[in-house]
Amino acid sequence: MYTTEQWYTRAAAKGVVISGQLWQPNRLLRMSTNCNNDNTNNRDDLDSIFKQKRILRTQVRKTLKAIDPSLRSQQDNAIQDIILGAPWFKSSLRLCAYISCSALREVDTFKLLSQILQPPPSGGKKLYVPRVEDKNSNMRMLNVSRIDDLVANSMNILEPDPVDADGNAREDVLQANEPVDILLLPGLAFDKSGRRLGRGGGYYDTFLKNYQDLAETQNWKQPLLVALSYSQQILDDGVIPVTSTDVLVDALVSPEGVIPISSAAFNRMDI
């Protein structure tokens, strides 16, 4: 059992937003004699946020399951065609992209990936794709040069082997000498303020924070975080609860088109 000070310190270290505010360690110095009650209330608030997320995930999964397969396929094609035809995508040289899993009802990316891995002039971009390392939110983005580089893991999700056909370790984007321009992201739900609801593992938020820290250290331009979304996954603003560890996206791509959100997206997407 943690003391009140230990609990708040741990929460602050994780950047936990409680009732819309980030608790800072130095606030412990100004706590009143009611801190035990405050501690209980704030734990309840934090539990409430996670409960809201679990409920929302269940609702969105039901919505996705109910989408007619032919309609989903139409949306898949529309989203990928929009990206492939976009100037901001065509001008990109290096990017990270997720490998879609139909069982998870993620927006399909295989048309995109196939095009990216084509030789110039239609392709020729450098591509990094995810490999989950453990159950502790650790995920790497490794360079691949062809679709055959992907193999099914224990959950039947395609990912790259850590070594290539010649036995050489694949390049990790966190150890690359050049920045990526775009990260194409999955998710369960999104809103037009940039909030993203993941599947609860924290893999993408952890990776994104690490990459953003790297880009800042190297004085690189931050990559555009672009989420792919079915129309049914875009929720009203404020519905998705967040903590400060949740990374906001810069833009959404839905079958209706590109939705720029951040100033970076408006500037670089020229929309």
Side-chain angles (χ1 to χ4, degrees), residues 73 76-77 79-86 88-187 198-199 201-215 217-218 220-228 253:
S73 179
D76 286 332
N77 288 327
I79 291 168
Q80 292 178 95
D81 287 344
I82 289 169
I83 295 173
L84 289 170
W88 50 266
F89 175 80
K90 290 181 178 180
S91 64
S92 66
L93 300 176
R94 295 166 295 275
L95 69 156
C96 296
Y98 72 95
I99 304 165
S100 57
C101 176
S102 59
L104 297 177
R105 294 177 173 83
E106 294 174 328
V107 173
D108 187 55
T109 56
F110 276 89
K111 184 176 180 179
L112 267 172
L113 300 181
S114 298
Q115 186 70 37
I116 291 168
L117 295 174
Q118 291 292 318
S122 59
K125 303 179 189 297
K126 193 166 189 178
L127 175 65
Y128 300 86
V129 295
R131 176 181 171 86
V132 172
E133 295 298 318
D134 54 37
K135 296 182 179 180
N136 298 316
S137 303
N138 292 314
M139 179 181 76
R140 294 195 293 162
M141 288 279 185
L142 303 180
N143 177 231
V144 295
S145 57
R146 54 183 186 167
I147 291 292
D148 290 345
D149 289 341
L150 306 177
V151 295
N153 64 15
S154 59
M155 297 181 64
N156 206 33
I157 296 174
L158 292 176
E159 61 181 16
D161 269 331
V163 296
D164 61 22
D166 297 323
N168 299 314
R170 295 189 186 280
E171 183 180 52
D172 186 324
V173 74
L174 290 175
Q175 298 171 358
N177 295 322
E178 295 178 298
V180 295
D181 304 303
I182 301 169
L183 283 97
L184 300 178
L185 306 172
R199 296 183 180 274
Y203 289 95
Y204 275 92
D205 286 320
T206 300
F207 169 79
L208 292 173
K209 181 63 169 63
N210 289 339
Y211 192 85
Q212 288 174 334
D213 288 347
L214 172 67
T217 299
Q218 299 282 25
W220 291 339
K221 182 185 292 185
Q222 291 288 347
L224 279 180
L225 308 184
V226 182
L228 281 58
V253 182

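Everything numeric in this text was worked out from a predicted model, so none of it was measured.
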*Out of curiosity, Leu112 CG to Tyr98 OH, how far, rounded to the nearest 0.5 Å?*
8.5 Å

*How about Val129 and Leu142: do any of their side-chain heavy atoms sit closer than 4.5 Å?*
no

*Scan residues 165-180 for pairs that pass salt bridge (Lys or Arg N to Asp or Glu O under 4.0 Å), counting only residues two or more places apart or in two chains.*
Arg94-Glu178, Lys126-Glu171, Arg140-Asp172, Asp149-Arg170

*Whether Ser137 side chain and Thr206 backbone form a donor-acceptor pair below 3.5 Å*: no

*Between atom CG of Asp108 and atom OG of Ser73, what is the distance when rounded to the nearest 0.5 Å?*
8.0 Å

*Does any non-hydrogen side-chain atom of Trp88 lie less than 4.5 Å from one of Val226?*
yes

*Min side-chain heavy-atom separation Leu228-Thr109 under 4.5 Å*: yes

*Phe110 side chain near Leu158 side chain, heavy-atom distance below 4.5 Å*: yes

*Just by modelled atom types, is the Val180 backbone N or O under 3.5 Å from a matching donor or acceptor in the Tyr128 side chain?*
no

*asked:* Would Leu225 and Gln212 count as a side chain to side chain contact (heavy atoms under 4.5 Å, CB included) here? Give the steps.
replied: CA-CA 11 Å; Leu225 308 184; Gln212 288 174 334; 3.6 Å; yes

*asked:* Apply side chain to side chain contact (heavy atoms under 4.5 Å, CB included) to residues Ile99 and Leu113 and explain how you reach the verdict.
replied: CA-CA 8 Å; Ile99 304 165; Leu113 300 181; 4.1 Å; yes

*asked:* I want to check something: taking the side chain as every heavy atom from C-beta on, are Leu184 and Ile182 in contact at a cut-off of under 4.5 Å?
replied: yes

*Should we count CG of Asn156 as having more than 12 external heavy atoms under 6.0 Å?*
no

*To the nearest 0.5 Å, what is the distance between OG (Ser102) and CG (Asp76)?*
10.0 Å

_Side-chain (Asn143) to main-chain (Leu127) donor-acceptor, under 3.5 angstrom_ = yes

*Between Phe89 and Lys125, is there a cation-pi geometry (under 6.0 Å to ring centre, at most 45° from the normal)?*
yes

*asked:* I'd like to know if the side chain of Asp134 and the backbone of Asn136 have a donor-acceptor N/O pair within less than 3.5 Å.
replied: yes

*Heavy-atom pair of closest approach, residues Pro130 and Ala97*: CD-O, 3.3 Å

*Heavy-atom donor-acceptor pair, Gln218 side chain to Leu214 backbone, under 3.5 Å*: no

*Any residue meeting salt bridge (Lys or Arg N to Asp or Glu O under 4.0 Å) with Arg105, in chain and number order, not counting sequence neighbours*: none

*All pairs passing side chain to side chain donor-acceptor pair (under 3.5 Å) where residues 111-121 contributes a residue, at least two apart*: Asp81-Lys111

*How close do Pro160 and Arg131 get, heavy atom to heavy atom, and via which atoms?*
O-NH1, 2.9 Å

*asked:* Nearest 0.5 angstrom please: Ser91 OG to Asp181 CG, how far?
replied: 7.0 Å

*Look only at the side chain of Glu106 and the backbone of Pro186, and say whether a donor-acceptor pair between them is shorter than 3.5 Å.*
no

*Should Lys135 and Tyr203 count as side-chain neighbours, where that means a heavy-atom distance under 4.5 Å?*
yes

*asked:* Would you compute the distance between atom CG of Leu185 and atom SG of Cys96 and round it to the nearest 0.5 angstrom?
replied: 9.0 Å

_Taking every non-hydrogen atom, the tightest pair across Glu159 and Val132_ = OE1-N, 3.3 Å

*Check step by step if salt bridge (charged side-chain N to carboxylate O under 4.0 Å, His left out) holds for Asp205 and Lys209.*
CA-CA 6 Å; Asp205 286 320; Lys209 181 63 169 63; over 6 Å; no

*asked:* Contact between Phe207 and Val173 at the side-chain level, heavy atoms closer than 4.5 Å - yes or no?
replied: yes

